[in-house]
2 protein chains.
Amino acid sequence: METEEAITVLASLAQPTRMQAFRLLIQHEPEGLTAGEIARRLVVPPNTLSAHLNVLSQAGLTTATRKSRSVIYRASVSRLTALTTFLTQDCCGGRGCEAQAAIICSETLT
Amino acid sequence: METEEAITVLASLAQPTRMQAFRLLIQHEPEGLTAGEIARRLVVPPNTLSAHLNVLSQAGLTTATRKSRSVIYRASVSRLTALTTFLTQDCCGGRGCEAQAAIICSETLT
DNA sequence: TCCATAATTCCAGATATATCGAAATATATG
DNA sequence: CATATATTTCGATATATCTGGAATTATGGA
């Protein structure tokens, strides 16, 4: 992932409503949730949420597919992984904070 | 790391000059760089950079210590690690994308 | 076709962020 | 103390982001 791209992804998550929406979608993988359902759960007006979901989609963190009258949103786990990889490589690239990375791994893989 | 805190860290990195400054500091661990040196390397006015460094410090991504007339900035690698841990746990918490995490680990630990 | 539901787009106002010149503060040296 | 260097703070402007009401588009059912 390029730096410019990473910044877009970082910015898209650096907003409370979008962070909540993304986490909600992560929790509902792989079925996804409709835009309306997300709006109801987060208590956010549909049009406001729509704008936020658009930002997440532009950043590649979500995908949207229409199903009948609803639009189902899903989280792109691979995109989140790509971001953490970018951050970790940015950290460790050519330097060596393997110990830190090992901590992440042990915490994650348990 | 709490969500609110993570958002602050994400926002602090979601800006080109700050991302550049942070990466520069990561590359210069553990010696650090003076504010002026960073400003020169990034070709940014000292006062503008100062504002950015302040944002990074508020987010806990950098520390500053005065040495004579200069102020030396250092990257907080542990803070970056805390962020990736937050993101990874947000991803894997109770769901299971161990495979993805393993990829990060293998790429990082090689 | 007419109506109801779901979502988005349009638009405007409010808030936040970024930028940088000028002035202020801190430190060292002659 | 006077001066030079390093950095930050102040203040003003420009730009971007967030928010939500109103209108628009898309789909399905009577």
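Chain letters run A, B, ... following the sequence lines, proteins first and then strands; every chain starts at 1.
Within the 4.0 Å cut-off from OP1 or OP2 of D/dT19, at least one side-chain nitrogen or oxygen of A/His52 is found.
By the 4.5 Å heavy-atom criterion applied to side chains, A/Leu83 and A/Leu61 are not counted as neighbours. For the pair A/His28/A/Glu37, no side-chain contact is recorded, criterion being any heavy-atom separation below 4.5 Å from C-beta on. A/Glu5 has its side chain within reach of A/Arg79: a pair of non-hydrogen atoms, C-beta onward, lies under 4.5 Å apart. At least one side-chain heavy atom of A/Leu13 sits under 4.5 Å from a side-chain heavy atom of B/Leu87. Taking the side chain as every heavy atom from C-beta outward, A/Ser57 and A/Tyr73 approach each other to under 4.5 Å. Side-chain contact check for A/Arg23 versus B/Thr3: some heavy-atom pair is nearer than 4.5 Å.
Residue B/Tyr73 contributes atom OH, which lies 11 Å from atom C1' of D/dA6 at whole-angstrom precision. Residue B/Ile72 contributes atom CD1, which lies 12 Å from atom C1' of D/dA6 at whole-angstrom precision. In this structure, CD of B/Gln58 is placed 10 Å from P of D/dT9, rounded to the nearest angstrom.
A donor-acceptor pair under 3.5 Å is absent between the side-chain atoms of B/Arg40 and the main chain of B/Val43, judged by distance alone. When atom types are taken as modelled, the side chain of A/Thr85 and the backbone of A/Thr81 share a donor-acceptor pair closer than 3.5 angstrom. A distance-only check finds no donor-acceptor pair linking the side chain of A/Ser50 to the backbone of A/Asn47 [under 3.5 Å].
From the 5' end on, the contacts that DNA chain C makes with chain B at under 4.0 Å to a non-hydrogen atom open and close at C/dA18 to C/dA28.
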Protein-proximity profile, nucleotides 20-30 of chain D, B/S/- by nucleotide at the 4.0 Å heavy-atom cutoff, equals BBB----BS--
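Comparing B/Arg40 and B/Asn54 along DNA chain D, the residue whose closest nucleotide (by nearest heavy atom) sits nearer the 5' end is B/Arg40.
Hydrophobic clustering (side-chain heavy atoms under 4.5 Å, transitive across Ile, Leu, Val, Met, Phe, Trp, Tyr) keeps A/Leu33 apart from A/Ile72.
Non-hydrogen atoms lying under 4.0 Å from DNA chain C are contributed by nothing in residues 8-19 of chain A.
Among A/Asn54, A/Val55, A/Thr62, the one residue that satisfies the side chain to side chain contact (heavy atoms under 4.5 Å, CB included) test with A/Gln58 is A/Asn54.
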